[in-house]
Amino acid sequence: MGRFKVPARIGVTRGSFISLEGGEGTGKSTQAKALVAALEAHGLKVHLTREPGGTPGAEVIRELLLSGADEKWNMRTEALLFAAARAEHCAKLVRPALEHGDWVICDRFIDSSRAYQSVSGLLSDADIMTLHNLGSEGLMPDRTFILDLPGEIAAKRAEARDRGDSDRIGGRDNDYHHIVMDNFRQFATLEPHRVKLIDASHSPEDVTALLLQNLAEMIG
Ligand code: TYD
């Protein structure tokens with residue numbers, strides 16, 4: 001049996017919930033913005049948000065998580081803080097928006113915790129999902145796009161963007177980031193209906209077109 005299991009979907013959402021995932025430097029934030037503009041042009045009400053963060057309290061936790069030295073938090077604390085930020089974000093922004101019938105586009109969500117916080121081996125996928133079930137009642141996106149780029153290209157892009165000033169987690173070594181990307185790819189294999197692997201080496205416009213094509217039946 002594999003390390004990752006398909007998480008159960010708890011709760012029914014009315015609006016559509018889309019998450020964008022992938023390693024550093026894969027263009028998630030650019031695509032999230034482009035997606036919002038395109039969906040709004042279809043007349044949809046869309047909220048653009050991000051994790052960790054998205055609400056005032058969760059942004060405070062983001063600062064705690066991303067600043068300082070790698071050893072500042074042990075892995076259990078780190079996973080709990082991500083789950084706490086997410087609980088706040090889901091309760092105050094994501095769920096109310098979905099219940100209102102709006103769309104939510106989120107730059108990273110639970111799959112980032114599954115991909116990053118499991119690397120040390122201290123916490124299993126089931127542990128991370130337990131925290132998510134407790135904190136956020138197991139809310140899962142309707143569709144998740146993994147922006148996939150060869151590791152070296154993503155590393156170069158992230159380097160050019162951060163210029164040696166990457167955050168506490170982004171600054172971890174290449175081996176760590178390779179495992180993270182492999183974890184993301186496994187989610188796409190395991191949950192092909194929800195999780196779509198998108199080749200992010202195309203132009204930004206072509207990547208946005210791919211995402212929209214993929215969402216066509218949900219847009220209606
Ligand atoms: P983000 O600001 O999206 O970074 P980037 O733009 O470089 O992709 O995310 C901040 C960092 O937090 C990033 O290194 C990934 C990490 N992260 C986790 O480790 N677990 C999580 O659950 C989330 C949401 C992010």
Side-chain angles (χ1 to χ4, degrees), residues 4 7 17-33 48-55 57-90 93-94 104-120 122-123 125 127-136 138-141 144-149 151 153-184 187 198 200 204:
F4 299 110
F17 181 22
I18 313 296
S19 63
L20 287 163
E21 299 276 11
E24 330 279 310
T26 52
K28 290 181 305 301
S29 308
T30 307
Q31 289 306 322
K33 284 189 204 127
L48 172 60
T49 188
R50 69 167 181 186
E51 288 208 346
T55 61
E59 289 288 332
V60 173
I61 302 176
R62 177 187 177 93
E63 176 60 24
L64 292 176
L65 272 164
L66 299 185
S67 65
D70 195 5
E71 59 277 11
K72 176 176 168 190
W73 302 115
N74 85 50
M75 188 46 67
R76 291 178 197 278
T77 319
E78 181 175 304
L80 282 161
L81 285 171
F82 274 112
R86 184 162 300 123
E88 189 66 13
H89 187 216
C90 285
L93 191 157
V94 182
V104 176
I105 309 295
C106 194
D107 185 345
R108 297 192 182 279
F109 193 65
I110 180 62
D111 296 298
S112 277
S113 285
R114 300 173 70 203
Y116 284 80
Q117 276 65 60
S118 67
V119 173
S120 70
L122 197 63
L123 293 170
D125 191 51
D127 292 332
I128 291 164
M129 287 309 299
T130 297
L131 299 183
H132 186 50
N133 289 334
L134 284 172
S136 304
L139 180 69
M140 293 304 285
T144 295
F145 294 114
I146 311 280
L147 300 189
D148 193 10
L149 264 187
I153 300 180
K156 276 206 186 103
R157 280 203 205 170
E159 233 171 78
R161 183 193 61 182
D162 299 337
R163 296 209 194 98
D165 194 25
S166 46
D167 63 53
R168 199 178 67 82
I169 295 175
R172 289 178 184 164
D173 65 20
N174 286 343
D175 289 350
Y176 178 86
H177 290 290
H178 277 125
I179 299 171
V180 165
M181 207 52 228
D182 281 347
N183 287 343
F184 278 128
F187 304 153
I198 301 288

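Indexing begins at 1, ligand by ligand and atom by atom, following the structure's order.
The pair Glu59-Arg50 meets the salt-bridge criterion, since a charged nitrogen lies less than 4.0 angstrom from a carboxylate oxygen.
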### Task
Decide yes or no on ring-ring contact (aromatic ring centres under 6.0 Å, His included) for His132 and Phe109, but give the supporting numbers first.
CA-CA 10 Å; His132 186 50; Phe109 193 65; 5.7 Å; yes

### Task
Begin with the C-alpha distance, continue with both residues' side-chain angles, and end with the deciding distance and a verdict on salt bridge (charged side-chain N to carboxylate O under 4.0 Å, His left out) for Glu78 and Arg172.
CA-CA 14 Å; Glu78 181 175 304; Arg172 289 178 184 164; 2.7 Å; yes

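Under the salt bridge (charged side-chain N to carboxylate O under 4.0 Å, His left out) criterion, the residue pairs touching residues 18-32 are Glu24-Arg108, with sequence neighbours excluded.
Protein residues with any heavy atom under 4.0 Å from ligand 1: Glu24, Lys28, Glu51, Pro52, Arg62, Leu66, Phe82, Arg86, Arg108, Ser112, Ser113, Tyr116, Gln117, Arg161, Asp167, Ile169, Gly170.
In plain terms, the two heavy atoms of Leu123 and Ala79 that are nearest each other are CD1-CB, 3.4 Å.
Other residues, nucleotides and ligands contribute only 12 or fewer heavy atoms inside 6.0 Å of the NZ atom of Lys156.
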